[in-house]
Protein chains: 2
Amino acid sequence: MNHQESSVKHYRSSRQRKRLLELLCSTEIHPTASWLYDHLKKEFPNLSLGTIYRNLSILIDQGLVQKISASSSFDRFEAKTTPHHHLICTKCGKIIDFEEKVFPAINEEIRRSTDFDIEGYRIDFFGICRECQKKQYKSY
Amino acid sequence: MNHQESSVKHYRSSRQRKRLLELLCSTEIHPTASWLYDHLKKEFPNLSLGTIYRNLSILIDQGLVQKISASSSFDRFEAKTTPHHHLICTKCGKIIDFEEKVFPAINEEIRRSTDFDIEGYRIDFFGICRECQKKQYKSY
DNA sequence: TTCCTTAATAATAATCATTCCGATTACGAA
DNA sequence: TTCGTAATCGGAATGATTATTATTAAGGAA
């Protein structure tokens, strides 16, 4: 959110948040809050789920992490790297990054024809992943 | 979801569901479940919120309605018409349909480079709507 | 029309991801 | 090292959605 950069908020550092970010950077599975909690719990036995959520929102505010809401009942998170889109399996809910190319024509098109101040876009592709395709055949 | 068409489920008709669909077709605001509840409650004083949710899922199953999950804490719904995308205001959460053109290049590109069985895609544009742009200036 | 089977409804409880709160801990400036 | 306060922990609160159960009403058959 560009319009918040003017009021830069300073956050005190914490080991929990440092490790949370490292964990997010080290995986590609787009974890849920509870997955992150389970993994860091081993390292911080007193860890609280509230700490996960609060730090995720701090990291999002810092632009280091982004939230993905993909029609499931719970949010997923990922460390922000390069812009990319998502392949979402409508069977099992799995989300896969789709780096591939950015489509520049979309940006031009959209800016021309709306009075929104567009910050970006995300393409979610819906379909059935390889594993679920196999399962479909088996179920007959 | 194409893979469900083979087992066609028959639903008994109901006045509540009939009116729910009519209401969804008559508006462009992408209502929440509780908005739909509040409106139909006038017509059906005994209406239950569970009835809204159950009928929404039936209408979705019938392909007449689709659910939009746009990073808010609650779902929004719309009657399915032609394929289109969404402009989502990151300030106020408003969602606006963006008919405009379909981008055929995306389909070709994606089908070539993944083993997903792609059913479709949706582009969510994030930005700040005209009204919220005005409010921003005022806050200084 | 009347009856009968069963899906749809209403009311309410349960679920569960997320947020909030009060007491305690620990970062980091002086 | 001290001190002010942000970060943490634990648990309770919130709120959207789902499940449960008794009641109502589609809609097909007689």
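The chains referred to below are lettered A, B, ... by the order of the sequence lines, with proteins before strands, and numbering in each begins at 1.
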**Q.** B:Ile60: side-chain contact (heavy atoms from CB on, under 4.5 Å) partners, not counting sequence neighbours
**A.** B:Val65, B:Lys67, B:Phe77

Q.
For the helix from C:dT1-D:dA30 to C:dA30-D:dT1, what angle separates the axis at the start from the axis at the finish, each from five pairs, in steps of 10°?
A. 40°

Q: List in chain and number order the residues that pass side-chain contact (heavy atoms from CB on, under 4.5 Å) with B:Ser57, two or more places apart in sequence or in another chain; answer none if no residue qualifies.
A: none

Q) Once you round to the nearest 0.5 Å, how far does CZ of A:Arg54 lie from OG of A:Ser48? A) 7.5 Å

**Q.** Approximate separation, where rounding is to 0.5 Å, of B:Ile52 CD1 and B:Phe44 CZ
**A.** 9.0 Å

Q | Set of side-chain hydrogen bond (donor to acceptor under 3.5 Å, both in side chains) partners for B:Gln62, sequence neighbours left out | A | none

**Q.** Rounded distance (nearest 0.5 Å) linking atom CG of B:Leu49 with atom NZ of B:Lys41
**A.** 9.5 Å

Q | Interface limits on DNA chain C, where chain A has a heavy atom under 4.0 Å of a nucleotide atom | A | C:dA17 to C:dG28

Q. Rounding to a whole Å, what distance do you find between A:Ile58:CD1 and D:dA6:P?
A. 11 Å

Q) In whole angstrom, what separates A:Arg54's CZ from D:dG10's P? A) 13 Å

**Q.** Distance (rounded to the nearest 0.5 Å) between B:His39 NE2 and B:Leu23 CG
**A.** 6.5 Å

Q.
Rounded to the nearest 0.5 Å, what separates atom CZ in A:Arg19 from atom CD in A:Gln16?
A. 11.0 Å

**Q.** Neighbour count >12 (heavy atoms, 6.0 Å) for atom CD, B:Glu28
**A.** no

(Q) Can you build the contact string for nucleotides 11-30 of chain D? Use B for base contact, S for sugar-phosphate-only contact, and - for no protein heavy atom under 4.0 Å. (A) -----SBB-------BS---

Q) Any chain of hydrophobic side-chain contacts (each under 4.5 Å) joining A:Ile58 to A:Leu64? A) no

Q) Does A:Asn55 put a side-chain nitrogen or oxygen below 4.0 Å from OP1 or OP2 of D:dA7? A) no

